[in-house]
Amino acid sequence: VFGLCVLLVRKGTRTHKQLGYAYFFNMLGLNISALSIYQLTGHFGPFHGAAIASFITLIAGFIPAYRRIPRVEWLDYHYQFMCWSYAGLLAAGASEAMTRIPSTPFWPAVVVTSILIFLVSGYLISRQSPKDLLRS
């Protein structure tokens, strides 16, 4: 919910920052808890790798905005990584929903759903400039 709200509010505002912090800390908790789940395979598996990738995009999107580094391009890094963080969250949620449909094969549901979400996300992310978002 916080990720969607961050996308919908005007960028650079106090509300955007507050919602962004809520998104960041919720995703941080989600990734930490995901790394402690071993019921599916009994060992480190692909979903743990996805949690690590999610953690990396989250941190890579947070630090540039928080520290304003690199000095000139921090906004581009923040935009790209936070968008991909949210795309990963959508892919995970949609994949989970698809696996709940009776008679749906588990791995094809996860892989196909994730690929579709990432393709659409990549297209939408590439069409928008973070500087344009600040003007709207």
Side-chain angles (χ1 to χ4, degrees):
V1 171
F2 290 120
L4 178 61
C5 291
V6 169
L7 287 176
L8 296 176
V9 300
R10 188 162 191 256
K11 306 305 175 258
T13 64
R14 183 175 182 200
T15 301
H16 173 81
K17 291 174 188 175
Q18 289 172 334
L19 289 168
Y21 277 114
Y23 175 79
F24 174 80
F25 286 111
N26 276 276
M27 286 298 292
L28 191 61
L30 175 81
N31 287 314
I32 290 168
S33 68
L35 291 171
S36 67
I37 297 172
Y38 289 91
Q39 295 163 332
L40 184 64
T41 62
H43 59 282
F44 188 89
F47 296 113
H48 296 102
I52 291 170
S54 175
F55 178 74
I56 290 169
T57 60
L58 184 68
I59 296 299
F62 177 79
I63 289 174
Y66 186 74
R67 302 282 317 269
R68 300 292 198 259
I69 54 173
R71 181 169 224 136
V72 176
E73 299 167 320
W74 72 266
L75 183 61
D76 293 323
Y77 285 104
H78 173 66
Y79 170 76
Q80 288 288 327
F81 283 110
M82 292 312 272
C83 284
W84 283 111
S85 169
Y86 188 63
L89 178 63
L90 292 177
S95 294
E96 176 66 24
M98 292 300 291
T99 64
R100 302 299 175 179
I101 298 172
S103 302
T104 302
F106 182 81
W107 287 110
V110 170
V111 172
V112 170
T113 303
S114 296
I115 288 171
L116 289 174
I117 298 276
F118 284 124
L119 286 173
V120 170
S121 296
Y123 174 74
L124 294 173
I125 292 167
S126 69
R127 292 193 52 188
Q128 188 70 55
S129 163
K131 290 169 183 64
D132 292 338
L133 295 172
L134 288 173
R135 291 186 203 120
S136 58

Closest approach of Phe44 to Tyr38 (non-hydrogen atoms, all atoms of both residues): N-CE2, 3.5 Å
Phe106 CZ: over 12 foreign heavy atoms closer than 6.0 Å: yes
Closest heavy-atom pair and its distance - Tyr79, Leu124: OH-O, 4.2 Å
Heavy-atom pair of closest approach, residues Leu89 and Tyr23: CD2-CE1, 4.0 Å
side-chain contact (heavy atoms from CB on, under 4.5 Å) between Tyr123 and Leu119, worked out: CA-CA 6 Å; Tyr123 174 74; Leu119 286 173; over 6 Å; no
Interatomic distance, Leu35 atom CG to Ser54 atom OG [nearest 0.5 angstrom]: 9.5 Å
ILVMFWY network linking Leu4 to Tyr21, side-chain heavy atoms under 4.5 angstrom: yes
Approximate separation, where rounding is to 0.5 Å, of Met27 CE and Leu58 CG: 6.0 Å
Exam field: side chain Ser95 to backbone Ala91, donor-acceptor pair closer than 3.5 Å: yes
Same cluster (ILVMFWY, side-chain, under 4.5 Å), Phe25 and Phe55: yes
same_hphob_cluster(Leu28, Leu90) at 4.5 Å side-chain heavy-atom cutoff: yes
Shortest non-hydrogen contact from Val6 toward Gly20: CG2-N, 3.6 Å
Distance-minimising heavy-atom pair for Ala65 and His78: CB-ND1, 3.3 Å
Heavy-atom closest contact (Thr99 atom, Glu96 atom, distance): OG1-O, 2.7 Å
Short side-chain to backbone donor-acceptor contact, Ser33 and Leu30, under 3.5 Å: yes
Candidate pair Tyr77 and Ile69, rule side-chain contact (heavy atoms from CB on, under 4.5 Å), full reasoning: CA-CA 9 Å; Tyr77 285 104; Ile69 54 173; over 6 Å; no
Cluster overlap Met82 with Leu8, hydrophobic side-chain contacts below 4.5 Å: yes
Test side-chain contact (heavy atoms from CB on, under 4.5 Å) applied to Tyr86 and Phe2, step by step: CA-CA 10 Å; Tyr86 188 63; Phe2 290 120; over 6 Å; no
Atom CZ of Phe47: over 12 foreign heavy atoms under 6.0 Å: yes
Parallel, tilted or perpendicular: rings of Phe24 and Phe62 (30°, 60°): parallel
Atom pair CD1/OG1 of Ile52 and Thr57 - distance to nearest 0.5 Å: 12.0 Å
From Leu116 atom CG to Met98 atom CE, the distance as rounded to the nearest 0.5 Å: 9.0 Å
Phe118, CZ: over 12 other non-hydrogen atoms inside 6.0 angstrom: yes
